[in-house]
Amino acid sequence: MTETKTPKKDATMPALGPVGMLRWAWTQLTSMRTALFLLLLLAVAAVPGSLFPQRPVNPALVSDYLANNPVLGEWLDRFQLFDVYSSVWFSAIYLLLFASLIGCVIPRAKKHWQALKTPPPRTPARLSRLPEHGTVALGPEDDGGPSSAAVVSSVAALLKKRGYRVQERPDGDVPSVGAERGYVREIGNLVFHTSLIGLLASVAIGGAFGYSGQRLVVEGESFVNTLVAYDAFSPGTAFNEDALRPFSVVLDKFEVEFDRESKTHYGQPIDFTASVTTREPGGEPTQEELKVNHPLRIGGSDVYLVGNGYAPVMTVKDGNGDIAYRGPVIGVPQDGVYTSLVVLKAPDARPEQLGFVGLFLPTAGESNGIGISLDPAPALPQLQLNSYYGDLGLDGGDPQNVYVLDTDELTELNSRNLDAGGLVLNAGQTLQLPDGRGSISFDGLKRYVALDIHHDPGKVPVATFAALALLGLGVSLFTPRRRLWVKVVPAGPSVPGTPADSGVAAGTDAPRGGRIIEYGLLARGEDPRVSVEAKEIQKILEREWSGYDRAKV
């Protein structure tokens, strides 16, 4: 009769289910490997922000890029490469890293808290098997000698002074003490990771609630920290106009020191000093000095000196003899000798609007019939301008670059190509425009500064958490984790737990009927100095107990 075999069923793997999948995903996200990977990914994701122009920083440059690269620019814009730091994918990496660090730190903090409350491990039976161990001979307990429990208590006190967390175990025939040190290593590790979380949060707060802006201020004029006062303004994603503190900065005087001694760098500026008067709401005016790399701290914002130039003071009268413009005009430096581009628009001129464009030369000279500046100091200031009349295009309300004059719809009045020639004005000079269109005067010269106002509420927390992160990292790297056990055993080889049973070499130098202090040291992880610590423990025990031993021999 043939036996029929029952076919074996294939093993069925248990299904994770939705909860199991979520638990598995959370475990993967909160692992240290994932946190390091996300940190590296965040650094890589930030690279496009330095390769492509960013809208929050320079929207005009982004528009020019899109105009010059219509196909590539459209695809880059779809992937938010012109708004990298506020893009969906960058924010997703940022938030995942944030969650990963939090999920990693909290369980480790709980585990470390439990470890702090857990006593050191029990004393091993054979300390001689540990990597570092040793013995110290101790005299007998009779004739007034200290008990083994007292010796253990004394050793515990000595170890506490060396930073060990100790537990005395005086019970039994072989009293001992268990000790551990280096718990601060894990505390440093937790401080480092917690500081990274604080660092990420602080950067996010600074990006959301901070702002930066630029303003040109001419000598004698002031800047008030209001939204309409900025020439350019970049708010954070959660910026509120009410957060602007209306402090004021008045530029009293701006001085530039030029090199007059060096032959190779003659005429180059070597020092900039802006004398300003600052005032906070409800406060008194304060005299300050603003220099490059030495910003003003006012109203919770930093005011930086980032540029300077000349501002010729001009007066334009129209064909009716009325003043169409009077005041300083910003000159944009074009080279190291402050040859500056000047654009002046007079939309109130009648019967036709007037426009001027040309150069300002601090120290006018000539080379091959072309006006040049010979020195950056204003030894012979001069304006060389072309004039135009017509529609400036300002009445339609479309924004225009104040430093660019669109001449497509204008008619030339003065230029080198016309019989009237260009306008050449020295300081204090007035010239009439052709066809009775009016006149222009060069009344004087002022200087201006370019200010960068930056408000970042996350800056102080960033610095604080960065310092804590470095401190925690240093502690975690340079604090060793060690365990130490010390016990007092009888010197006789026939007693259980004595040197013969515990691995202590026979012939240990101990008095008859005496005892032995035995210790063992174990490092958790790599610790090249554990042998040095063992020698120190040997010296301490010998210093405390060898004298007693000799007295009893």
Side-chain angles (χ1 to χ4, degrees), residues 216 218-221 309-334 337-396 400-448:
L216 300 180
V218 181
E219 286 177 327
E221 296 184 357
Y310 290 101
V313 181
M314 292 184 276
T315 299
V316 176
K317 293 185 177 180
D318 60 16
N320 299 330
D322 299 325
I323 296 177
Y325 180 87
R326 173 177 286 170
V329 179
I330 298 298
V332 182
Q334 305 295 304
V337 290
Y338 283 80
T339 302
S340 304
L341 176 65
V342 175
V343 173
L344 171 57
K345 301 176 184 180
D348 297 330
R350 297 292 181 268
E352 297 283 350
Q353 295 178 341
L354 297 175
F356 303 85
V357 61
L359 297 176
F360 167 73
L361 309 175
T363 300
E366 187 175 317
S367 176
N368 298 325
I370 299 175
I372 60 171
S373 179
L374 302 176
D375 194 89
L380 183 60
Q382 186 180 90
L383 284 168
Q384 297 186 2
L385 305 172
N386 294 341
S387 64
Y388 299 84
Y389 72 92
D391 184 8
L392 296 175
L394 297 174
D395 296 335
Q400 286 190 13
N401 190 336
V402 69
Y403 304 113
V404 175
L405 179 66
D406 186 0
T407 61
D408 292 341
E409 304 297 329
L410 300 177
T411 303
E412 280 187 315
L413 277 174
N414 295 91
S415 74
R416 297 169 60 91
N417 300 324
L418 300 179
D419 294 338
L423 297 171
V424 179
L425 295 94
N426 295 319
Q429 188 176 3
T430 300
L431 293 179
Q432 299 296 319
L433 300 178
D435 303 330
R437 298 285 178 179
S439 64
I440 183 171
S441 303
F442 184 6
D443 302 328
L445 185 64
K446 293 184 176 182
R447 301 211 62 144
Y448 72 87

Problem set entry | Heavy-atom neighbours of E409 CD exceed 12 at 6.0 Å |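 It does not: E409 CD has 12 such atoms or fewer within range.
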
Exercise. If you count the non-hydrogen atoms of other residues, nucleotides and ligands that lie under 6.0 Å from CG in D408, is the total more than 12?
Worked result: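 Above 12, so yes.
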
For this session: Go through the steps for V402 and V343 under the test side-chain contact (heavy atoms from CB on, under 4.5 Å), then give the verdict.
Result: CA-CA 7 Å; V402 69; V343 173; over 6 Å; no

Separation between [atom1] of [X] and [atom2] of [Y], rounded to the nearest 0.5 Å:
X    : Y    : atom1 : atom2 : answer
E221 : L216 : CD    : CG    : 10.0 Å
K345 : L392 : NZ    : CG    : 7.0 Å
L423 : L383 : CG    : CG    : 9.5 Å
R437 : N414 : CZ    : CG    : 11.5 Å
K317 : S441 : NZ    : OG    : 7.0 Å
L410 : L405 : CG    : CG    : 5.5 Å

So which atom in [X] and which in [Y] form the shortest heavy-atom distance, rounded to 0.1 Å?
X    : Y    : result
P381 : F360 : CB-CE1, 3.7 Å
L385 : L359 : CD2-N, 4.2 Å
P333 : Y338 : CG-CD2, 4.3 Å
Q429 : V424 : OE1-O, 3.8 Å
L425 : F442 : O-CD2, 3.5 Å

Side chains of [X] and [Y]: closer than 4.5 Å at any heavy-atom pair?
X    : Y    : result
D348 : D318 : no
V218 : I330 : yes
P376 : P362 : no
L361 : Q384 : yes
T407 : N386 : no
S340 : V332 : no

Problem set entry | Pair Y310-K446, side-chain contact (heavy atoms from CB on, under 4.5 Å): steps then yes or no | CA-CA 6 Å; Y310 290 101; K446 293 184 176 182; over 6 Å; no

For this session: For the pair S373 (side chain) and T339 (backbone), establish whether a donor and an acceptor sit closer than 3.5 Å, ignoring hydrogens and angles.
Result: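 Not confirmed, S373 side chain does not pair with T339 backbone.
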
Exercise. Do I440 and M314 pass the side-chain contact (heavy atoms from CB on, under 4.5 Å) test, and can you show the C-alpha distance, the side-chain angles, and the key distance before you say yes or no?
Worked result: CA-CA 7 Å; I440 183 171; M314 292 184 276; 4.0 Å; yes

For this session: For F356, check ring pair (Phe, Tyr, Trp, His ring centres under 6.0 Å) against everything at least two apart and list the hits.
Result: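 Once residues adjacent in sequence are excluded, F356 has no partner under the ring pair (Phe, Tyr, Trp, His ring centres under 6.0 Å) criterion.
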
Problem set entry | Stepwise side-chain contact (heavy atoms from CB on, under 4.5 Å) test for Y403 and L341 | CA-CA 8 Å; Y403 304 113; L341 176 65; 5.6 Å; no

